[in-house]
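Here's the structure, in structure tokens; my notes come after.
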Amino acid sequence: MAGVTISPAEADTILADNFAPWVQALGLSTAATGDRHAVLRLPWSDRLSREGGGMSGQALMAAADTAAAVAVSAVRGGYGPMTTVQQSTSFQRAVTGKDVLVTARVTKLGRRIAFVDVDLTAEGETEPAAHATAVYAFPG
């Protein structure tokens, strides 16, 4: 499935124009876009840590959902209405003191639905800290 793509700057505009203020407060930025994928950077922040000093699961899940929506937008050539209908996240190791690279890859794109896999990896690490899958529906 080769698809249209958008530039990282266009993806950052999508983040600024289409996501809730609390999602924008995560500080996500687009590191890369390409055929069927997008990579967002979730910067480390003490505000996002939980007891024990690890990045909170809620922040990681929100970043996964957002990266998946940007990847779907990249494949579709721009942002359009979509709804998350399913997300499942497995946490494999804690992230402490490092940015997280959130790599979302569209595995199936249909007329009304998209499936996305997301790996969340602490910068400089090779093994993911978490893995998510998501499904999006398109209205109409």
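FYI, side chains are in, hydrogens and waters are out, and symmetry mates aren't considered; it's all heavy atoms of this structure.
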Criterion side chain to side chain contact (heavy atoms under 4.5 Å, CB included) on Phe138 and Arg111, from CA distance to verdict: CA-CA 8 Å; Phe138 312 125; Arg111 289 188 323 255; over 6 Å; no

Looking only at heavy atoms, which two atoms of [X] and [Y] are closest? And how far apart?
X      : Y      : result
Pro128 : Gln92  : O-OE1, 3.3 Å
Val85  : Ala137 : CG1-CB, 3.9 Å
Arg76  : Pro81  : NH1-O, 4.0 Å
Ala104 : Val116 : CB-CG1, 4.0 Å
Phe91  : Ala130 : CD2-CB, 3.9 Å
Val95  : Val100 : CG1-CG2, 3.7 Å

Test side chain to side chain contact (heavy atoms under 4.5 Å, CB included) applied to Thr5 and Asp35, step by step: CA-CA 6 Å; Thr5 194; Asp35 185 31; 6.0 Å; no

So do [Y] and [X] actually touch side chain to side chain, heavy atoms under 4.5 Å?
X     : Y      : value
Asp65 : Phe19  : no
Asp99 : Pro43  : yes
Val70 : Leu28  : no
Gln86 : Phe115 : no
Leu60 : Thr89  : no

Gln87/Met61 under side chain to side chain contact (heavy atoms under 4.5 Å, CB included): CA gap, chis, key distance, verdict: CA-CA 9 Å; Gln87 181 177 340; Met61 290 177 72; 3.9 Å; yes

Hphob cluster co-occupancy, Leu42 + Val23, side-chain heavy atoms under 4.5 angstrom: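 Yes: a chain of side-chain contacts under 4.5 Å links Leu42 to Val23.
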
Val39-Ile6 co-clustered via ILVMFWY side chain contacts under 4.5 Å: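 Looking at the clustering, Ile6 is in a separate group from Val39.
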
Under 3.5 Å: donor-acceptor pair, side chain of [X], backbone of [Y]:
X      : Y      : answer
Thr96  : Gly53  : no
His131 : Val118 : yes
Glu10  : Gly78  : no
Arg41  : Leu101 : no

Taking atom [atom1] of [X] and atom [atom2] of [Y], what is their separation to the nearest 0.5 Å?
X     : Y      : atom1 : atom2 : answer
Asp17 : Gln24  : CG    : CD    : 8.5 Å
Leu26 : Leu40  : CG    : CG    : 10.5 Å
Thr33 : Asp12  : OG1   : CG    : 9.5 Å
Asp46 : Met55  : CG    : CE    : 9.5 Å
His37 : Asp117 : NE2   : CG    : 13.5 Å
Thr66 : Leu15  : OG1   : CG    : 7.0 Å

Working for salt bridge (Lys or Arg N to Asp or Glu O under 4.0 Å), residues Glu125 and Arg93: CA-CA 11 Å; Glu125 300 293 329; Arg93 58 190 47 81; over 6 Å; no

